[in-house]
Amino acid sequence: MSPSPLTDLSRLCLHTITTKPWSIEEACDRYAAAGIPGITVWRQWLDGRDPAEVGRRLRTAGLEVVSVARGGFFPAPDHAGRMAAIDENRRAIDETAALGAPVLVLVCGAVPGQPLAVSRDQIAEGIAAVLDHAKATGVKLAIEPLHPMYADSRSAINTLAQANDMCERLADPQVGVVVDVYHLWWDPNLEVEIARCGQMGRLLAFHVSDWRTPTEDLLNDRGLMGEGCIDVPQIRGWVEGAGFRGCIEVEIFSTRYWAMDQQQFLDNIKQAYLKHT
Ligand code: ZN
């Protein structure tokens with residue numbers, strides 16, 4: 001059974017990458033003017049800026065800073081590479097804390113040609129190495145399982161079961177998971193695994209978009225909700241059934257949508273959110 005329809009925008013959050021042509025300042029002003037209450041900031045949008053200052057600006061505009069994307073990419077073929085990744089994740093945690101966001105999203109990484117099980121061990125070691133730092137700064141780390149088409153180079157964690165297993169292995173309340181419908185919609189165990197992370201209090205974020213047929217680009221052809229084959233309301237029902245009451249984050253990488261007028265796109269997102277989420 002689907003949950004009752006969304007009737008307002010009070011839980012809507014946009015990722016800055018969804019409106020990629022806009023700077024953080026423009027995104028801040030436009031989201032606030034459009035009545036969008038939440039923002040997830042991709043780290044590139046902080047380049048050359050003071051994260052604390054950006055955080056103040058966003059909050060002054062009335063926006064809630066929901067999370068930062070992204071840390072991770074822990075696996076590397078050599079020790080030096082893995083140490084560099086750990087340092088980079090400490091910086092990402094610092095930026096997240098300075099911005100005032102409670103969660104850092106982890107795209108965990110993979111190395112082409114390296115066995116996935118080895119990469120998963122390196123991911124566990126990498127997260128464990130930054131856990132104290134995350135705790136000291138109050139930032140939660142959210143493991144985002146990625147669709148298996150990215151298992152070669154972006155993430156060796158490809159199902160919610162694997163993300164939940166990783167949380168159990170790390171056994172620390174500072175670590176949780178992200179449910180992104182684009183990555184997980186196909187999984188026959190999705191409902192069960194959503195309930196599992198909910199029971200453990202580990203469901204930290206919920207990302208929405210849609211899967212277009214045909215998908216013309218493996219990375220940059222995501223659809224608006226309602227435009228593809230994902231039953232987003234059903235998955236939202238499972239997520240809410242697991243106790244999740246946080247923001248619903250629209251995360252769309254789309255060469256087509258980045259090419260259109262972004263203000264019009266923003267209106268389209270609001271419509272799709274109310275009708276198909
Ligand atoms: Zn996502």
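All values reported here derive from a predicted model rather than from experimental measurement. When reading the values below, keep in mind they use all heavy atoms of this one structure, side chains included, and skip hydrogens, waters and symmetry mates. Both ligands and their constituent atoms are indexed starting at 1 by order of listing.
Of all N, O or S atoms in His207, the one lying closest to the Zn ion (ligand 1) is ND1. Summary: OE1 is the N/O/S atom of Glu251 found nearest to the Zn ion (ligand 1). The nearest N/O/S atom of Glu144 to the Zn ion (ligand 1) is OE2. Taking the Zn ion (ligand 1) as reference, the nearest N/O/S atom within Asp180 carries the name OD2.
Side chains of Thr19 and Gln262: no donor on one and acceptor on the other come within 3.5 Å.
Between Phe73 and Leu106 the shortest side-chain heavy-atom distance does not fall below 4.5 Å. Taking 4.5 Å as the limit, every side-chain heavy atom of Arg222 sits out of range of all side-chain heavy atoms of Arg212. Looking at heavy atoms from C-beta onward, Tyr182 lies out of side-chain contact with Asp210 at the 4.5 angstrom threshold.
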